[in-house]
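Below you'll find the structure, written out as structure tokens, and then a few comments.
FYI, side chains are in, hydrogens and waters are out, and symmetry mates aren't considered; it's all heavy atoms of this structure.
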Amino acid sequence: MVLYLVFCCTAIKPAILKITANVPEGEKYSNFVVHMILFLVLACGLLTDYLGCHFIFGAYVLGRIIPPGNLAKTLIEKMEDCVDGVLMPLYFVVLGIGVDISVILVNSKYVLVVILAVATKVLCTLLIGFFCNVPLVDGFPLGILLSSKGFFPLVLLNIGRQRKILSGDSYTLLFITIFLSTILVEPIMKIICKRIGKIPQLYDQRSLQGANFSEKLKLITCIHSTRNVRSIINLLEISNITVQHPASVHVTHLIELLGHAPAMLIEHESQGSFFWNLGSKLFCDRGRAESDQIIKEFIEYTDQHGNSTSSLKVFTVVSPINTMHEDICSLAEDKHASLIILPFHKQQGVDGKLEDTNIEFGGVNQNVLDVAPCSVASLVDRGLRVDSMSSSSELYSDDGQGCEQVQIAMIYIGGCDDREALTYAWRMAGHSSVNLTVIRFLEGEQLSDIDQPIDYLDFGDSDVEVENLTISAQKLREIQVDNEFLMDFQEQTSYDRSICYLEKFINCPGEIISSLREMGHDFDLYMVGKGQSRLSFPTIGLVKWSEFRELGPIGDILITSEFTSTASVLVMQQYSNKLSKRSFVVKSSEEEKVTIISS
């Protein structure tokens with residue numbers, strides 16, 4: 001066995017590394033390479049079985065020397081369906097054939113052994129939790145979770161039975177113990193969670209509009225790859241993070257989890273973190289190298305700005321794609337974040353067109369937008385990056401030349417998302433190198449005649465009339481809120497020469513597109529609202545043509561190939577209470593006005 005281990009490390013591993021070195025990153029491996037690896041699995045298993053050790057250890061050692069990365073991902077994709085869907089269930093059937101349940105039923109002491117096997121872990125967890133000041137309501141569920149066993153103990157039991165190390169009764173007892181301690185975890189946890197209930201993190205600053213400029217801004221910035229780092233840093237740069245306007249930034253590098261390794265959330269106190277070194281074994285070396293580079297660049301950014309203006313922490317999330325959004329949202333809720341910044345899954349290529357970097361992250365972004373506990377900003381990077389670290393008063397373009405001023409355009413149509421976008425743009429306008437232009441599109445005469453003010457409501461027998469009245473009443477209230485918000489904005493920024501406010505009247509959705517095209521290349525960054533609850537008729541005709549739902553109709557227009565500008569786009573979605581799902585209209589007999597009741 002020692003010679004076999006030496007042979008694997010000195011002969012097989014270098015050969016596999018040579019194969020992986022000849023395949024460029026992102027390209028698929030041929031079927032010949034996959035078949036060769038599978039043949040090696042069988043050969044190593046037979047060899048260790050011939051040497052007197054179990055065949056599974058031969059395959060296990062071979063699996064450990066295969067480098068994580070694209071080859072490991074290809075093998076998982078090729079084998080996962082067959083192994084999980086066919087071979088593993090058959091193996092469980094074989095394990096269950098050797099179990100004699102009557103032994104447990106006849107001997108009551110075996111039931112006591114099963115109970116003690118679980119109770120011991122729970123009691124030990126509660127004891128340690130007592131000294132660590134962990135509440136009982138948290139310690140007991142933790143002990144139940146730690147009692148769960150994995151698949152490998154059953155493999156060891158089967159080996160012990162085959163080698164005559166375990167008798168039939170001992171095998172049955174241990175098998176039932178492992179089986180029950182695993183399968184009962186889920187129903188027990190459901191009962192505990194149902195009784196305890198989820199206590200949500202309650203805080204007021206779930207949006208930028210609800211927070212004051214003087215209070216510390218809490219951000220969660222997500223990074224898909226090192227290509228997102230410069231654009232995120234430059235966005236933080238123009239966010240006007242100063243001593244008067246501090247911020248707490250939590251940078252989160254997202255890495256897709258491969259195989260059945262456990263998901264991880266790693267907080268980097270430093271580059272040499274013990275947990276980082278331990279956890280890096282579970283995902284690819286490329287992910288480790290990317291995280292190291294991300295940590296390095298953000299540490300440099302923090303050192304340059306000093307701890308007095310902001311606090312910055314870097315996290316690495318290693319999680320399956322389909323549950324990655326839950327980790328992001330949980331982190332945002334734990335840190336009481338007001339905004340989550342997500343990079344768009346497309347980035348500008350050499351030809352100037354947007355190309356896919358990782359299409360699966362598009363689903364992650366959409367899931368975050370659906371369940372986020374705070375506001376969300378989607379950043380489409382089309383040149384908003386720096387080639388060298390900038391100072392607080394000077395930004396750099398892609399060619400390394402200094403940019404005197406960053407031109408930002410805020411497209412305002414109406415709704416809570418647009419108010420959130422204007423709030424963020426208003427904060428940016430405090431930066432000495434930022435010029436802000438707010439362009440509000442108002443409905444012209446043709447569109448304003450569609451909805452007349454409601455003087456009296458007669459419900460009648462038609463549900464359609466009630467629905468139309470609801471929309472009209474909501475629209476009137478939304479317009480009033482927008483006018484009050486913009487009036488306050490104009491009053492406080494009337495003496496600021498770096499802020500310009502314009503109004504344009506439009507009569508059809510096509511005029512919005514024409515107006516945006518007329519702007520051309522005048523701006524470096526467009527800021528728009530997603531329009532999740534917008535009741536504006538100018539954008540209704542644009543919704544059905546939108547290709548990317550997460551950007552909204554205006555954001556989708558700004559990134560199309562027909563729109564010649566290559567400015568970056570930031571699309572804002574304001575946090576809204578997900579409990580307010582439907583509205584209805586009543587008429588107040590006392591006040592004689594429309595009242596909107598949300599329930």
Side-chain angles (χ1 to χ4, degrees), residues 1-23 28-99 148-166 171 174-175 178-179 182 256-263 278-287 318 320:
M1 284 300 298
V2 173
L3 292 176
Y4 168 71
L5 294 174
V6 173
F7 175 74
C8 288
C9 295
T10 58
I12 299 180
K13 185 174 182 178
I16 295 177
L17 290 175
K18 187 175 181 180
I19 294 174
T20 57
N22 295 329
V23 178
K28 296 183 178 180
Y29 287 84
S30 63
N31 290 331
F32 173 76
V33 175
V34 176
H35 295 160
M36 184 188 68
I37 298 295
L38 296 180
F39 173 78
L40 280 176
V41 173
L42 295 176
C44 292
L46 291 174
L47 178 59
T48 52
D49 186 69
Y50 174 77
L51 294 175
C53 192
H54 200 272
F55 65 85
I56 196 171
F57 291 105
Y60 174 78
V61 172
L62 179 64
R64 292 298 299 174
I65 66 173
I66 293 179
N70 199 23
L71 177 59
K73 185 177 181 180
T74 302
L75 291 173
I76 291 172
E77 292 176 351
K78 295 284 187 181
M79 299 172 58
E80 193 168 22
D81 293 337
C82 179
V83 172
D84 291 350
V86 180
L87 298 181
M88 191 172 290
L90 290 177
Y91 188 74
F92 283 137
V93 171
V94 173
L95 293 179
I97 290 176
V99 177
S148 178
K149 305 296 189 297
F151 168 69
F152 202 68
L154 296 179
V155 176
L156 296 178
L157 286 183
N158 189 42
I159 294 173
R161 185 185 60 172
Q162 292 176 350
R163 297 297 175 91
K164 307 299 182 181
I165 299 173
L166 296 175
Y171 174 79
L174 294 174
F175 184 92
I178 295 173
F179 178 76
T182 300
E256 179 184 2
L257 179 65
L258 302 176
H260 298 283
L278 180 65
S280 64
K281 304 298 183 183
L282 299 177
F283 54 91
C284 61
D285 293 333
R286 179 178 58 84
V318 186

(message) Under the criterion side-chain contact (heavy atoms from CB on, under 4.5 Å), I'd like the reasoning laid out for Leu95 against Leu157: C-alpha separation, chi angles, the key distance, then a yes or no.
(response) CA-CA 9 Å; Leu95 293 179; Leu157 286 183; over 6 Å; no

(request) Report the distance from atom NE2 of His35 to atom NZ of Lys78, rounding to the nearest 0.5 Å. (result) 7.0 Å

(message) Within this structure, what is the CD1-CG distance for the pair Ile66 and Leu17, rounded to the nearest 0.5 Å?
(response) 10.5 Å

(request) Over all heavy atoms of both residues, which pair between Cys9 and Pro14 is shortest? Give the atoms and the distance, please. (result) O-CD, 3.5 Å

(request) With rounding to the nearest 0.5 Å, note down the distance linking CG in Leu75 to CG in Leu38. (result) 6.5 Å

(request) Identify the heavy atoms of Ala72 and Pro67 that sit nearest to each other, and give their distance. (result) CB-O, 4.0 Å

(request) Any chance you could measure Leu156, atom CG, to Arg161, atom CZ, to the nearest 0.5 Å? (result) 13.5 Å

(message) Below 30° counts as parallel, above 60° as perpendicular, anything between as tilted: where do the rings of Phe179 and Phe175 land?
(response) parallel

(request) State which residues pass side-chain contact (heavy atoms from CB on, under 4.5 Å) with Cys8; sequence neighbours excluded, sorted by chain then number. (result) Tyr4, Ile12, Val61, Ile65

(message) Could you check whether any side-chain heavy atom of Leu154 comes within less than 4.5 Å of a side-chain heavy atom of Phe92, counting everything from C-beta outward?
(response) yes

(message) Nearest 0.5 Å, please: how far is CZ in Phe57 from CD1 in Ile159?
(response) 4.5 Å

(request) Please work out which of the three classes, parallel, tilted or perpendicular, describes the rings of Phe152 and Tyr60, given edges at 30° and 60°. (result) tilted

(request) Please examine the side chains of Met79 and Val34, heavy atoms only from C-beta on, and report whether any two atoms are closer than 4.5 Å. (result) no

(message) I want to check something: taking the side chain as every heavy atom from C-beta on, are Ile37 and Ile16 in contact at a cut-off of under 4.5 Å?
(response) yes

(message) Just so I know, are the side chains of Val99 and Tyr171 near enough to count as touching, which here means a heavy-atom distance under 4.5 Å?
(response) yes

(message) I'd like to know whether CG of Leu3 has more than 12 heavy-atom contacts from other residues, nucleotides or ligands below 6.0 angstrom.
(response) no

(request) Evaluate the side-chain proximity of Ile19 to Met36: yes if any heavy-atom separation is below 4.5 Å, no if none is. (result) yes

(message) Please find the pair of heavy atoms, one from Met1 and one from Cys53, that lie closest to each other, and give the distance.
(response) SD-CB, 3.7 Å

(request) Mind checking the CG-CG spacing from Leu47 to Leu40? Nearest 0.5 Å is all I need. (result) 11.0 Å

